[in-house]
*Asks:* 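One structure, as structure tokens, below. Some questions next.
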Amino acid sequence: MNAFVEVFDDAIERANFLDQLQQNGKPLGKLHGVVVSIKDVICYKDHKVSAASKMLNNFTSLYNATAVERLQQEGAIIIGRNNCDEFAMGSSSENSFYGVTKNGFDESLVPGGSSGGSAVAVQMNMSMVSLGSDTGGSVRQPADFCGIVGFKPTYGKISRYGLIAYASSFDQIGIFAKNIHDVSLVLEVIAGADDFDSTAANQEIPAYSKALSSTQKYKIAYFKQALEHQSLDQEIASAIKSFIKKLQADGHTIDAIDFELLDQTIPTYYVLTTAEASSNLSRYDGVKFGYRASGEFGSLQEMYKKTRSEGFGKEVHRRIMLGTFVLSEGYFDAYYTKAQQVRQMLSQSVQEIFSNYQFIISPTVPSTAFKIGEKKNDATEMYLADLYTVLANLVGVPAISIPLFKHSNQMPFGLQMMATHHHEIDLLSFSNYLLDNDI
Ligand code: GLN
């Protein structure tokens, strides 16, 4: 499936060590023996990490990501690193230096992206849970395409220390699993304040996995513009509409609300994330670490140019150039400042909605998994796959995709739910209820 870039040889040693602990009657961690894989953008000390890029091919992590450190402390086994789009930029896992990852349901289809390898690893039982990163949907969208649960917490819930940066004000580590209990258990282990990441929130972390019962009746909103969107598959639209009726019959209040800004989310997301990416990726210049082009150079500039031209793939080039453009002196106000203003407006209107409603629901993606190659040469089409997911990252709220539906083309698809900042517990409890009960 090409879901793994590397399986770590020392995983067996680690398993033996954990068995030994158990045999010696030592206290066991919450994740004792749980087999976890990590997206190839998360650092695991003394193991390679490459962001699926030639630029970092053969680079070895110097330290553990905080999330990895905490998994290890609770007895998890990190079994390997998952394939993904280069530097987490993409929606199909086709932009990888190591080649495309295939969807386990149908190998001619993409698994989604950018955390496609993580999704397939869990889908095909190669790992029990996987950590991905979600900057604009990269956990929820592949979870939708692969028929599993994908969860992105509130921005800052999980430390980003040791996560290779794409767009720092959007990036968040997310969790793939087959059920909500597993997601919750992993979340309570890895979430929480961290001295190494000043954006990590200081909130108390409850035992999510023990608080999953939900008997509440909720107030839920959905956007009219989302269900009427021209890019939405008609069958997905009608499945969500009939699900809304079921939720009403189950005693929840569901309102359609106007959200005129929906069409502004993707442009805003791509202006801001490319700007942040162009800055974050400037460190890959062939000087301190990673790939360096070979040959003799007349100047430092020449070495930078050749290294960066050869080391990055096409999509990363596109984004660095776009990001540099929107930050350039003559265009800064027209694009970057404008996009920041729209981000602010989005935050305000979402906050207003959450003062009246507990959840906002939508499809996770406008279509089911598409063919490998189908959108590879049309960036705008590809970006539309993020239509429903980028909002949660623009405003920083938690969001989940749960596998509730099956299309007549036999592929699964999910329901996306968002809640307000730090209300993970509501999101997880209600998701658990919806997955466990046939409402
Ligand atoms: N598909 C989106 C992008 O290409 C989201 C990626 C992500 O969440 N890492 O930017």
Side-chain angles (χ1 to χ4, degrees), residues 1 3 39 82 84-85 88 90-94 101-106 109-124 129-130 132-153 172 174-180 183 222-223 226-227 229 231-240 243 265-266 359-372 374-375 381-393 398-418 427-428 431 434-435:
M1 312 307 298
K39 182 178 183 179
N82 292 124
C84 57
D85 285 301
S91 308
S92 64
S93 298
E94 292 170 288
T101 302
K102 294 168 183 154
N103 192 312
F105 285 128
D106 178 341
L109 302 180
V110 302
S114 62
S115 318
S118 292
V120 174
V122 172
Q123 175 194 36
M124 304 299 278
V129 289
S130 180
S133 65
D134 190 312
T135 303
S138 278
V139 168
R140 290 159 285 153
Q141 188 255 22
D144 172 287
F145 281 8
C146 293
I148 59 171
V149 178
F151 175 64
K152 178 203 93 77
Q172 181 54 204
I175 303 164
F176 291 94
K178 285 211 159 151
N179 60 63
I180 301 294
V183 169
Y222 71 90
F223 302 150
L227 289 192
H229 205 274
S231 67
L232 177 60
D233 176 288
Q234 279 315 304
E235 210 176 306
I236 298 183
S238 51
I240 300 285
F243 191 71
T265 56
I266 290 189
F359 303 115
I360 300 172
I361 60 170
S362 69
T364 307
V365 194
S367 72
T368 55
F370 44 88
K371 289 261 181 235
I372 292 172
E374 187 183 323
K375 303 191 182 192
E381 260 297 300
M382 188 73 94
Y383 295 173
L384 260 181
D386 308 323
L387 177 65
Y388 301 124
T389 48
V390 296
L391 179 62
N393 305 76
I400 194 165
S401 177
I402 52 174
L404 286 179
F405 309 104
K406 194 170 178 184
H407 198 277
S408 62
N409 66 15
Q410 301 310 313
M411 292 306 287
F413 59 97
L415 176 78
Q416 174 179 256
M417 297 202 288
M418 294 187 268
L427 208 49
L428 293 168
S431 299
L434 293 178
L435 282 170

*Asks:* When rounded to the nearest 0.5 angstrom, what is the spacing between NZ in K371 and OG in S92?
*Replies:*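 Rounded to the nearest 0.5 Å, the NZ-OG separation comes out at 14.5 Å.
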*Asks:* For a quick check under 3.5 Å, do S118 and K39 share a side-chain donor-acceptor pair by atom type?
*Replies:*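 Result is no, nothing qualifies.
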*Asks:* One pair to check against side-chain contact (heavy atoms from CB on, under 4.5 Å): I180 and V149. What are the steps and the verdict?
*Replies:* CA-CA 7 Å; I180 301 294; V149 178; 3.9 Å; yes
*Asks:* Which heavy atom of A143 sits nearest a heavy atom of A119, and at what distance?
*Replies:*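 Heavy atoms only, the tightest pair is N-CB, 4.4 Å.
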*Asks:* What distance separates N393 CG from D386 CG, expressed to the nearest 0.5 Å?
*Replies:*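 Answer for the CG-CG pair, N393 versus D386, is 9.0 Å.
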*Asks:* Looking at every heavy atom in both P403 and I148, which two are closest together, and how far apart are they?
*Replies:*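 The pair with the smallest heavy-atom distance is CD-O, 3.5 Å.
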*Asks:* Let me confirm one number: the CG-OG1 distance from D134 to T389, rounded to the nearest 0.5 Å.
*Replies:*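 Interatomic distance, D134 CG to T389 OG1, rounded to 0.5 Å: 7.0 Å.
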*Asks:* Would you call the rings of Y388 and H229 parallel, tilted or perpendicular, where under 30° means parallel and over 60° means perpendicular?
*Replies:*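 If you compare the ring of Y388 with that of H229, the planes turn out perpendicular.
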*Asks:* Over all heavy atoms of both residues, which pair between I400 and L427 is shortest? Give the atoms and the distance, please.
*Replies:*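 Looking at all heavy atoms of both residues, the closest pair is CG2-CG, 3.9 Å.
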*Asks:* So which of V110, I372, L109 actually passes side chain to side chain contact (heavy atoms under 4.5 Å, CB included) with K102?
*Replies:*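 Exactly one candidate clears the test, I372.
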*Asks:* For the CD atom of Q123 and the CE atom of M1, what is their distance to the nearest 0.5 Å?
*Replies:*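 So the CD of Q123 and the CE of M1 are separated by 6.5 Å.
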*Asks:* Walk me through whether D233 and H407 qualify under side-chain contact (heavy atoms from CB on, under 4.5 Å).
*Replies:* CA-CA 10 Å; D233 176 288; H407 198 277; 3.1 Å; yes
*Asks:* Quick one: pull up CG in L227 and CD1 in I236 and give me the separation to the nearest 0.5 Å.
*Replies:*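 Reported to 0.5 Å precision, the distance equals 11.0 Å.
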*Asks:* Taking G132's backbone N and O only, do any of them form a donor-acceptor pair with S115's side chain (distance below 3.5 Å, no angle check)?
*Replies:*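 Checked: no pair found.
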*Asks:* Just checking, is any N or O donor in the side chain of Q141 or S91 under 3.5 Å from an acceptor N or O on the other one?
*Replies:*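 The criterion, which ignores hydrogens and geometry beyond distance, is not satisfied for S91 and Q141.
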*Asks:* Under 3.5 Å, which donor-acceptor pairs do the side chains of residues 359-367 form with other protein atoms, sequence neighbours left out?
*Replies:*
unit_1 : atom_1 : unit_2 : atom_2 : d
S362   : OG     : Q416   : NE2    : 3.3
T364   : OG1    : S401   : OG     : 2.9
T364   : OG1    : Q416   : N      : 3.4

*Asks:* For T368, give me all partners under side chain to side chain donor-acceptor pair (under 3.5 Å), at least two apart in sequence or on another chain.
*Replies:*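 If we apply the side chain to side chain donor-acceptor pair (under 3.5 Å) test to T368, skipping adjacent residues, the hits are N409.
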*Asks:* Specify the closest pair of heavy atoms between I175 and V139, including all atoms of both residues, with the distance to one decimal.
*Replies:*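 Scanning both residues, the minimum pair turns out to be O-CG1, 3.9 Å.
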*Asks:* Looking at side-chain heavy atoms only, is the closest gap between F176 and P142 below 4.5 Å?
*Replies:*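 Yes, their side chains come closer than 4.5 Å.
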*Asks:* Considering non-hydrogen atoms only, spot the tightest contact between M411 and A369 and give its length.
*Replies:*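 So the two residues come closest at CE-CB, 4.0 Å.
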*Asks:* Look up atom CZ in F105 and atom CE in M124, then write down how far apart they are to the nearest 0.5 Å.
*Replies:*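 Those atoms lie 8.5 Å apart.
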*Asks:* What pairs with S138 under side chain to side chain donor-acceptor pair (under 3.5 Å), at least two apart in sequence or on another chain?
*Replies:*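 S114.
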*Asks:* Taking all non-hydrogen atoms of both residues into account, name the closest pair between A177 and V129 and its distance.
*Replies:*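 Minimum heavy-atom separation between A177 and V129: CB-CG1, 3.7 Å.
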*Asks:* Just checking K375: does its NZ atom have more than 12 heavy atoms from other residues, nucleotides or ligands closer to it than 6.0 angstrom?
*Replies:*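 Yes.
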*Asks:* Heavy-atom distance under 4.5 Å between the side chains of Q410 and D106, does that happen here?
*Replies:*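 Answer no - side chains too far apart.
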